[in-house]
Number of protein chains: 2
Amino acid sequence: MASGSQQTVRPITMRDVARESGFSPTTVSITLNDAPLARYLPAETKTRIRQAAKKLGYRPNPFARSLVSRRSELVGVMVFDVTDPYCTPILRGIEKTLYESSYMPIFTDSHNDPARFERYLEMMLDRRVEGLIIVANWLFLDIDILADLRKQEIPTTLVSRDLGSSFISSVAVDNEAGARAGLSYLLELGHREIVVIRGPALLTDTEPRWKGVQSAAAAAGLTLDPALVVDLPDSADPRSSFDGGCALVERLLQEGRRFTAVMAFDDMSALGVMRALAGKGIRVPEDCSVIGFDDIGPASLCTPALTTVRQPMELMGATAAGIVIADVAAVRERQSYQAVVQKMTPELVVRQSTAPARKGGT
Amino acid sequence: MASGSQQTVRPITMRDVARESGFSPTTVSITLNDAPLARYLPAETKTRIRQAAKKLGYRPNPFARSLVSRRSELVGVMVFDVTDPYCTPILRGIEKTLYESSYMPIFTDSHNDPARFERYLEMMLDRRVEGLIIVANWLFLDIDILADLRKQEIPTTLVSRDLGSSFISSVAVDNEAGARAGLSYLLELGHREIVVIRGPALLTDTEPRWKGVQSAAAAAGLTLDPALVVDLPDSADPRSSFDGGCALVERLLQEGRRFTAVMAFDDMSALGVMRALAGKGIRVPEDCSVIGFDDIGPASLCTPALTTVRQPMELMGATAAGIVIADVAAVRERQSYQAVVQKMTPELVVRQSTAPARKGGT
DNA sequence: TCCCGAAGTTCGATTTAAATG
DNA sequence: GCATTTAAATCGAACTTCGGG
């Protein structure tokens, strides 16, 4: 039982500290904030005030403080789907960077619902966040919704895609380079009959990854078999990527296509591919290699562990937070800041799902 | 480029709305808050005020508001490890419930660092959260740290374990029933030589799950082979559970133990088990069945998909948020509230990693 | 007394200007 | 003028009280 039967506990205010220490509220404020004027206060005074504050367990009221400082010390962190394993390392990166600063994150998860995102954005504005980090792992976002941000001068950074906006920074992986690295690796292993699963048409990642694949193929003088190039359907649910990868490969198998490797759009679809292959008794990597993209948690937990193109997600989150913090500081000092576009370098992570091609794949 | 070159934009205040509409700030306040006195105001007055507010894009200053209302409308959500797939469905549940209320979540991730947790807790208190939800998926938490909460009358709910505290509510799964269901299922399938991987000794979940296993075995008249009962090492890292499961099974295999099924402590260790088995060419489920606990995302993504005992994580999060909201309301109305302990019912999810026992397992 | 509206106080801090010795 | 301290104004909204019709 915890109750409220006793009289409401009046919180300790600065006035209480003043009374306890025998000084005025002004002096207390100056002391506890180490304001410029604190230089003139004798050490004796300051220690007495500090002791009184500690003795009473004084906690400055953040609302009174924010009211005059006009600062919330709040940064909004908006995610489109927390349950997507792609998001959490980014959140971790954001946390690590924010921890060093004085900002606290206000968190929202719109689970792929644009309406919810919009409402949460309004709430963020209402709460006077000083900066905003949006982890747009999946959804298709209308820039207009973000126009308010410009007016209110709220520095914003988007993680995992480039909006091409003039006032919103972004941190994204170099999709083209990543895809190129992935396909190149399969080619090195001797694979020639390769299934390429492209992403949903609406996703901004889809295009550059496909370009990377094409350029790697061209560099090796290989023409990809159009029958082996398939597309994931549009959908906002990461799980659908798994189902899509599974279904596409099942269909190819049904059609009697022969291939020795699959380059999936992302890890989720790669996992789906492995499921489909297992269903037909095709072994990975002995009979067919599989490579993913992202390096989400499950990629290293499944068996065989997935070879993939890794996005430095934690670093991306940390970078985004760093940009926002710097821009907020700029705004406070009445300076202008530039919207930047950070392209992060992906890294090929070789695990167990890839192997040299053998003659006569499935 | 987004800049601050133009003169600082003074935010719109109630006074501006008053001037614009031709009424006093008082009337504006009464109107916009639908205060009791609004009954007496002519509709004409109210619409004019509302129009003026909308025209100016007026957003009430939350700090001024909180200062007088003494309410932050903030709920703290503290997680011990966001990257743990176990956490995110819980967060989703919390979000769904909080969305209906007027509370915004302040979020922290202490990534298994008690010191960080403590500092974040202080920050929560500084920020005047009205309630607290702690997702203690893993770490061993000292109740003393939470003593402040009692003093400050901040309703708190712990998700995923019972602290046995008199003032902190908790929402946890019925571990004993879950483990019983899991082992019973293996027994039904005809398994008798079963490896049981117990959790780390320090985890509160370990004990009840082991009890559940024992009671199921007893009910079936089976004596578990002590040589097949092994323990995960203590560690705060979820990944270590995977490594632990893998290593333990490898050791058993090395020792030449024979078994036809493995009941893992959780999904992570089950995934590790599958890795170990695959390494020795043992097929799941043909040669050996594997069952996990939790039903985290990767459980259904890996191949074969993992049979497991499911915790209703989203529901648990939603329940916790509901409790906190109700308790906050009670505190506001000067009523007492009880710390409750909610035991959620787990559910056996049968997938591909289990099959009937065959004579002469590995 | 009922209706409508506004002046003034309060919340808890910061900050400026000024008052002490 | 200098070191030390403080009264008073301010931030923006909510609420209590009060005045005229």
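Just so it is clear, the values below take in all heavy atoms, side chains as well, and ignore hydrogens, waters and symmetry mates. Throughout, a chain's letter reflects where its sequence line sits, starting with A, and its residues are numbered from 1.
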- Contact class for A/S66 (heavy atom, under 4.0 Å): base, sugar-phosphate, or nothing? nothing

- Message: Once you apply a heavy-atom cut-off of 4.0 Å, does B/F63 come out as touching a base, just sugar-phosphate, or nothing?
- Response: nothing

Length of the line joining [X]:[atom1] and [N]:[atom2], which is rounded to integer Å:
{"X": "B/L56", "N": "D/dG12", "atom1": "CG", "atom2": "P", "value": "15 Å"}
{"X": "B/R71", "N": "C/dC11", "atom1": "CZ", "atom2": "P", "value": "19 Å"}
{"X": "A/R10", "N": "C/dA13", "atom1": "CZ", "atom2": "C1'", "value": "14 Å"}
{"X": "A/R19", "N": "D/dT6", "atom1": "CZ", "atom2": "P", "value": "14 Å"}
{"X": "A/F23", "N": "C/dT20", "atom1": "CZ", "atom2": "P", "value": "18 Å"}
{"X": "A/L67", "N": "C/dA13", "atom1": "CG", "atom2": "P", "value": "12 Å"}
{"X": "A/D16", "N": "C/dC11", "atom1": "CG", "atom2": "P", "value": "12 Å"}

- Task: Among residues two or more places apart or on two chains, list those pairs meeting ring-ring contact (aromatic ring centres under 6.0 Å, His included) that have a residue in residues 90-109 of chain B.
- Result: A/F107-B/F107, A/Y120-B/Y99

- A/K96/A/E314 salt bridge by N-O under 4.0 Å criterion: yes

- Query: Thinking salt bridges, do B/R116 and B/D109 make one under a 4.0 Å N-O criterion?
  - Reply: no

- Query: Which pairs, with at least one residue in residues 34-54 of chain A and sequence neighbours excluded, count as a side chain to side chain donor-acceptor pair (under 3.5 Å)?
  - Reply: none

- Side chain of B/S169, backbone of B/V340: donor and acceptor closer than 3.5 Å? yes

- Item | Under 3.5 Å: donor-acceptor pair, side chain of B/E73, backbone of B/M104 | no

- Quick tally for nucleotides 13-21 of chain D: nucleotides whose base has a protein heavy atom under 4.0 Å get B, sugar-phosphate-only ones S, the rest -, giving BBBB-----

- With the side chain of B/Y40 defined as its heavy atoms from C-beta on, choose the nearest nucleotide among D/dT6, C/dC3, D/dG12. C/dC3

- Message: Is there a side-chain contact between A/T45 and the phosphate of D/dT5, meaning an N or O under 4.0 Å from OP1 or OP2?
- Response: yes

- Within the pair A/R70 and D/dG12, is there a side-chain N or O less than 4.0 Å away from OP1 or OP2? yes

- Message: Distance alone, cut at 3.5 Å: any donor-acceptor contact between the side chains of B/S24 and B/T27?
- Response: yes

